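In this chain, numbering begins with 1 at the start of the sequence shown. In listed order, ligands and their atoms are each counted from 1. Computed from a predicted model, the values in this text were never measured in an experiment.
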Amino acid sequence: MKLKISYILPLFLFALAACNNKKEMNSSTNDNEIVFPKGEKITNDNFTGTAYLQMLIAADSLNATAVGNVTFEPGARTKWHSHPGGQILLVTDGVGYYQEKGQPKKILRKGDAIKCPPNVPHWHGASTDTAFVQLAVTNNDKGTVVWLEEVTDAVYNSSNQ
Ligand code: MN
């Protein structure tokens, strides 16, 4: 009898531990779905489609860098625009596009990090069928974003315009 328990107890504990591990993994996966808050729906006309913004860091007199979490639903994108001090985009989820004027459209995926040079007109947004979440790190030292024209459906859907 003693022998049996000494076999069964470790097996039981192992099974229990395995169950707990599985629960932890599931719970951690759920927690990772949203890293930063989605924020509020953007209602200004600088975006096409549905997008959300949560400002995380405001620029101030000591550090002119602003950080915002932007979530684009499929098909949503910014207008063409430029940043006097440039911008860095860190992709935290989904699939999106980034395009500089006169350059091919680039596909961005979770984990990608890119730098938009100062004063170069560009746009960014979700791909046609997948949402896109990016942290926009913007240096406002030399001024804030300059908004330009809308990204037409033809440009948005083109692979190289
Ligand atoms: Mn930008």
Side-chain angles (χ1 to χ4, degrees), residues 22-161:
K22 198 177 177 189
K23 267 185 197 167
E24 275 172 25
M25 280 175 67
N26 285 341
S27 145
S28 132
T29 301
N30 289 338
D31 289 345
N32 285 341
E33 280 176 10
I34 292 181
V35 180
F36 296 105
K38 191 174 179 180
E40 300 295 320
K41 190 172 172 177
I42 296 171
T43 54
N44 64 52
D45 66 353
N46 296 321
F47 290 71
T48 300
T50 303
Y52 298 80
L53 170 67
Q54 174 69 55
M55 283 311 295
L56 300 173
I57 299 288
D60 60 38
S61 59
L62 296 176
N63 186 334
T65 305
V67 182
N69 185 38
V70 190
T71 301
F72 298 87
E73 290 190 352
R77 67 266 191 182
T78 66
K79 283 184 171 177
W80 288 97
H81 63 280
S82 62
H83 307 279
Q87 184 179 56
I88 291 165
L89 300 177
L90 307 172
V91 183
T92 57
D93 204 7
V95 181
Y97 301 141
Y98 168 79
Q99 184 177 25
E100 293 175 0
K101 204 84 172 177
Q103 298 295 320
K105 189 170 73 180
K106 288 180 184 170
I107 297 177
L108 299 180
R109 292 186 175 83
K110 181 177 180 176
D112 284 342
I114 58 156
K115 189 180 266 186
C116 322
N119 297 313
V120 171
H122 66 277
W123 63 271
H124 27 113
S127 56
T128 52
D129 58 0
T130 307
F132 178 63
V133 186
Q134 52 147 74
L135 291 173
V137 182
T138 311
N139 179 357
N140 290 322
D141 206 19
K142 299 178 177 71
T144 56
V145 56
V146 178
W147 290 107
L148 304 166
E149 72 274 15
E150 190 177 335
V151 175
T152 61
D153 286 345
V155 167
Y156 176 76
N157 290 312
S158 165
S159 57
N160 56 7
Q161 252 323 293

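Considering just the N/O/S atoms of H124, the one nearest the Mn ion (ligand 1) carries the name NE2.
Formation of a donor-acceptor pair under 3.5 Å by the T50 side chain with backbone atoms of E73 is not found in this model. H124 places no side-chain N or O within donor-acceptor distance of the main-chain N or O of Y97, the cut-off being under 3.5 Å.
With respect to W123, the side chain to side chain donor-acceptor pair (under 3.5 Å) criterion is satisfied by exactly one of E150, Q99, E100: Q99.
With the Mn ion (ligand 1) as the vertex, atom NE2 of H122 and atom OE1 of Q87 span an angle of 110° (nearest 10 degrees). The Mn ion (ligand 1) is the vertex of the angle joining NE2 of H83 and NE2 of H81, which measures 90° to the nearest 10°.
In this structure the side chain of L108 reaches within 4.5 angstrom of the side chain of I114, judged on heavy atoms.
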